[in-house]
Amino acid sequence: MDYDAIILGAGGAGLMAAATAGQAGARVLVIDHADRPGKKILISGGGRCNFTNTGAGPANFLSGNPHFCKSALSRYSQWDFLALVERHGIAWHEKTLGQLFCDGSARQIVAMLLEECRKGGVEIWLGTRIGEIEHADGRFRVAGCVARQLVIATGGPSIPKMGATGIAYDIARRFGLEVVPPRPALVPLTLGQEDALFTSIPGVSCPVVARVGDVAFEEAALFTHRGLSGPAILQASSYWRPGGTVSLSVLPDAAGTLRAARRHMPRSHLKAVLAQHLPTRLAEVLALRIGLTRELGNVTDADLDAATATLTRLTFRPTGTEGYAKAEVTAGGISTAALSSKTMEARDVPGLYAIGEAVDVTGWLGGYNFQWAWSSGVAAGLAI
Ligand code: FDA
């Protein structure tokens with residue numbers, strides 16, 4: 001069978017590209033090995049899909065080329081997607097930090113995308129293996145079908161138990177496109193024996209400023225029996241590299257707080273003072289780490305400075321991440337150097353496109369990854 005475009009992957013990016021191209025008149029086939037489309041959309045945002053972020057802009061994305069995402073994001077922005085959501089009568093609300101969620105269910109977003117695909121006459125084959133891809137005379141042959149354009153929209157390998165694979169990278173390499181080494185991102189970090197104090201308080205969370213290099217995220221951190229999680233840590237994890245450190249400011253005004261406590265409550269102990277500002281179990285663990293057991297009235301300035309340094313730069317050297325099994329996204333992927341930022345088409349392979357998470361563009365936590373799926377999907381869909 002002949003199509004204008006075959007899209008590999010019925011996730012957010014693939015469905016968006018298919019709907020856009022189909023509505024512009026292209027005959028489009030989407031192929032996916034899953035039994036239903038948009039599976040990651042369905043489980044996203046706790047079932048309510050954090051479908052975009054009002055603040056989405058190039059600064060919220062990691063990529064070998066930070067400029068690459070600009071064109072697609074500006075041509076199809078968060079406001080364009082929100083307008084689509086509203087046209088479909090989907091009620092939504094803003095949570096913290098500009099994150100937009102469905103009031104009802106993520107199923108509404110999948111239904112919306114399928115309805116847009118239906119309007120464009122898009123065919124969707126589920127439960128279909130991609131198998132061998134042949135390429136001759138400017139035409140791609142996949143699963144017994146032929147098209148002049150082939151779109152890689154199979155995402156990354158995060159959450160393999162949902163059917164996620166790294167096939168995008170195999171296809172890209174087969175066509176000579178460079179792949180930036182993929183790695184788990186938005187993922188919990190694991191701690192070793194030297195941080196056993198902190199893995200002894202699973203379930204404790206508190207607001208922090210998490211820093212990796214020059215990047216800082218002010219959100220909650222969660223201590224787990226394996227290490228560190230929570231939004232601030234997931235954000236930091238995308239920037240963390242093996243061997244590197246993550247530091248947490250758990251009490252930004254530690255200097256003022258400790259000095260005031262020494263002046264006004266000289267008989268009190270560090271643990272008790274910390275427990276006024278932090279969860280009790282965390283206060284206990286921090287006091288042990290700092291090792292200050294005397295009454296505060298007997299503590300020197302140097303001791304207070306050392307305690308302040310720990311509380312504002314509590315530094316961990318994680319042993320690793322919890323891997324693709326727990327990673328919300330995959331960083332790295334098909335190199336942006338191989339693609340046109342306007343159309344997502346491979347520079348050296350006319351008719352081959354790559355979009356969504358398969359590409360080396362990774363968003364922060366908070367609706368940015370879906371916005372990239374929508375924006376890059378539309379960019380390719382318009383070009384098909
Ligand atoms: P996506 O992975 O969605 O789609 C790829 C498709 O290709 C899938 O349908 C898959 O079955 C198919 N495929 C893969 N390998 C194949 C193969 N070998 N053969 C055939 N088909 C194959 N982002 C966000 O912005 N807001 C949020 O709330 C969340 N929440 C969230 C929760 C959880 C638990 C996860 C794991 C992820 C999120 N994300 C998120 C991230 C977001 O889900 C992700 O970035 C996008 O779904 C990426 O869209 P794509 O279409 O690129 O890939």
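Contacts of Gln23 classified as side-chain hydrogen bond (donor to acceptor under 3.5 Å, both in side chains), with partners at least two apart in sequence or in another chain: Glu116. Residues passing the side chain to side chain contact (heavy atoms under 4.5 Å, CB included) test with Ser229 are Pro188, Leu222, Thr224, Leu234, sequence neighbours excluded. When the side-chain hydrogen bond (donor to acceptor under 3.5 Å, both in side chains) test is applied to Ser205, no partner is found at least two apart in sequence or on another chain. A search for side chain to side chain contact (heavy atoms under 4.5 Å, CB included) contacts involving Arg347 returns nothing, not counting sequence neighbours.
Note on Ile201: it clusters hydrophobically with Ile290, by side-chain heavy-atom contacts below 4.5 Å among ILVMFWY residues. Placement of Leu84 and Phe101 in two distinct hydrophobic clusters is found when ILVMFWY residues are connected by side-chain heavy-atom separations under 4.5 Å, directly or transitively. The cluster map of Ile, Leu, Val, Met, Phe, Trp and Tyr, joined by side-chain heavy atoms under 4.5 Å apart, puts Tyr239 and Val209 in different clusters.
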Test side-chain contact (heavy atoms from CB on, under 4.5 Å) on Thr362 and Thr330; report intermediate values, then the result.
CA-CA 7 Å; Thr362 308; Thr330 304; over 6 Å; no
Check against side-chain hydrogen bond (donor to acceptor under 3.5 Å, both in side chains), Thr312 and Ser249:
CA-CA 4 Å; Thr312 53; Ser249 170; 5.6 Å; no
Please test Leu228 against Phe223 for side-chain contact (heavy atoms from CB on, under 4.5 Å), starting from the C-alpha separation and ending with a verdict.
CA-CA 5 Å; Leu228 301 169; Phe223 296 90; 3.6 Å; yes
Show, in sequence, the C-alpha distance, side-chain angles and deciding distance for Val361 and Tyr368, and conclude whether the side-chain contact (heavy atoms from CB on, under 4.5 Å) test is met.
CA-CA 10 Å; Val361 173; Tyr368 302 99; over 6 Å; no
Would you sort out whether Ile167 and Ile152 count as a side-chain contact (heavy atoms from CB on, under 4.5 Å), showing the intermediate values?
CA-CA 9 Å; Ile167 195 174; Ile152 307 171; over 6 Å; no
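With hydrogens and angles disregarded, no donor-acceptor distance shorter than 3.5 Å links the side chain of Ser238 to the backbone of Ala185. In this structure, Trp240 contributes its side chain and Gly244 its backbone to a donor-acceptor pair below 3.5 Å. Between the side chain of Ser268 and the backbone N or O of Met265 there is at least one donor-acceptor pair closer than 3.5 Å. Under a 3.5 Å cut-off, the side chain of Asp360 and the backbone N or O of Val180 do not form any donor-acceptor pair. Put simply, the side chain of His225 never gets that close to the backbone of Ser200: no donor and acceptor are under 3.5 Å apart. The main-chain N or O of Leu97 is found under 3.5 Å from a side-chain atom of Asn53 such that the two form a donor-acceptor pair. Side-chain atoms of Ser335 never come within 3.5 Å of backbone atoms of Val179 as a donor-acceptor pair (strictly under, hydrogens ignored). Not a single donor-acceptor pair under 3.5 Å links the side chain of Glu219 to the backbone N or O of Val208.
In this structure, His88 and Val85 have side chains that are not in contact, with every pair of non-hydrogen atoms separated by 4.5 Å or more. Two residues are said to be in side-chain contact when any heavy atoms from C-beta on lie closer than 4.5 Å; Val299 and Leu292 meet this criterion. Counting only heavy atoms from C-beta outward, the side chains of Tyr324 and Pro160 approach each other to under 4.5 Å. Side-chain contact between Leu177 and Leu352: present, with at least one pair of heavy atoms (C-beta onward) separated by less than 4.5 Å. For the pair Gln99/Thr54, no side-chain contact is recorded, criterion being any heavy-atom separation below 4.5 Å from C-beta on. In this structure, Trp364 and Leu62 have side chains that are in contact, with non-hydrogen atoms separated by less than 4.5 Å.
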Please set out all donor-acceptor pairs under 3.5 angstrom arising from side-chain atoms of residues 102-113, sequence neighbours excluded.
residue	atom	partner	partner atom	Å
Asp103	OD1	His93	N	3.3
Asp103	OD1	His93	ND1	2.7
Ser105	OG	Arg107	N	2.9
Gln108	OE1	Ser105	N	3.0

Per-pair distances, 0.1 Å, donor-acceptor, side chain in residues 372-384, under 3.5 Å, sequence neighbours excluded:
residue	atom	partner	partner atom	Å
Trp372	NE1	Gly356	O	3.0
Trp374	NE1	Phe51	O	2.8
Trp374	NE1	Phe370	O	3.4
Ser375	OG	Tyr76	O	2.6
Ser375	OG	Gln371	O	3.0
Ser375	OG	Gln371	NE2	3.0
Ser376	OG	Gly356	N	3.0
Ser376	OG	Trp372	O	2.6

List the atom pairs, donor and acceptor, that lie under 3.5 Å between side-chain atoms in residues 272-285 and the rest of the protein, sequence neighbours left out.
residue	atom	partner	partner atom	Å
Arg281	NH2	Pro202	O	3.4

Please tabulate, for the side chains in residues 126-143, all donor-acceptor contacts under 3.5 angstrom to protein atoms that are two or more places apart in sequence or on a different chain.
residue	atom	partner	partner atom	Å
Thr128	OG1	Leu126	O	2.9

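Of all heavy-atom pairs between Ala287 and Leu270, the closest is CA-CD2, 4.1 Å. The two residues Ala221 and Leu248 have their closest heavy-atom pair at CB-CD1, 4.5 Å. Minimum interatomic distance between Trp125 and Cys145 (heavy atoms only, all atoms of both residues): CH2-SG, 3.3 Å. Closest of all the heavy-atom pairs between Ala325 and Ile159 is O-CD1, 3.4 Å. Here the closest heavy-atom approach between residue Ser237 and residue Leu189 is recorded as CB-CD2, 4.0 Å. Between Ile6 and Ala147, the shortest heavy-atom distance links the atoms CG1-CB, 3.6 Å.
A centroid separation of 6.0 Å or more is found between the aromatic rings of Phe68 and Phe61.
Shown here is Lys95, whose NZ atom has no more than 12 heavy atoms of other residues, nucleotides or ligands within 6.0 Å. Residue Glu218 qualifies as open at atom CD: its count of foreign heavy atoms under 6.0 Å is 12 or below.
With salt bridges taken as basic N to acidic carboxylate O contacts below 4.0 Å, one links Asp305 and Arg259.
Screening residues 18-43 for salt bridge (Lys or Arg N to Asp or Glu O under 4.0 Å), with sequence neighbours left out, gives Asp4-Arg27, Asp35-Lys39. Pairs engaging residues 180-207 under the salt bridge (Lys or Arg N to Asp or Glu O under 4.0 Å) rule: Asp195-Arg289 [sequence neighbours left out]. The salt bridge (Lys or Arg N to Asp or Glu O under 4.0 Å) pairs that include a residue from residues 47-76 number zero, where partners must be two or more places apart or lie in different chains. Among residues at least two apart or in separate chains, salt bridge (Lys or Arg N to Asp or Glu O under 4.0 Å) pairs with a member in residues 223-243 are Arg226-Glu322.
Here the options are Val28, Thr20, Ile7, the test is side-chain contact (heavy atoms from CB on, under 4.5 Å), and the partner is Val122; only Val28 passes. Among Thr245, Val246, Leu191, the one residue that satisfies the side-chain contact (heavy atoms from CB on, under 4.5 Å) test with Arg317 is Thr245. The residue from Asn298, Thr300, Asp301, Thr257 that alone fulfils the side chain to side chain donor-acceptor pair (under 3.5 Å) condition with Arg262 is Asp301.
Side-chain N/O atoms of Glu123 and Tyr3 include a donor and acceptor closer than 3.5 Å.
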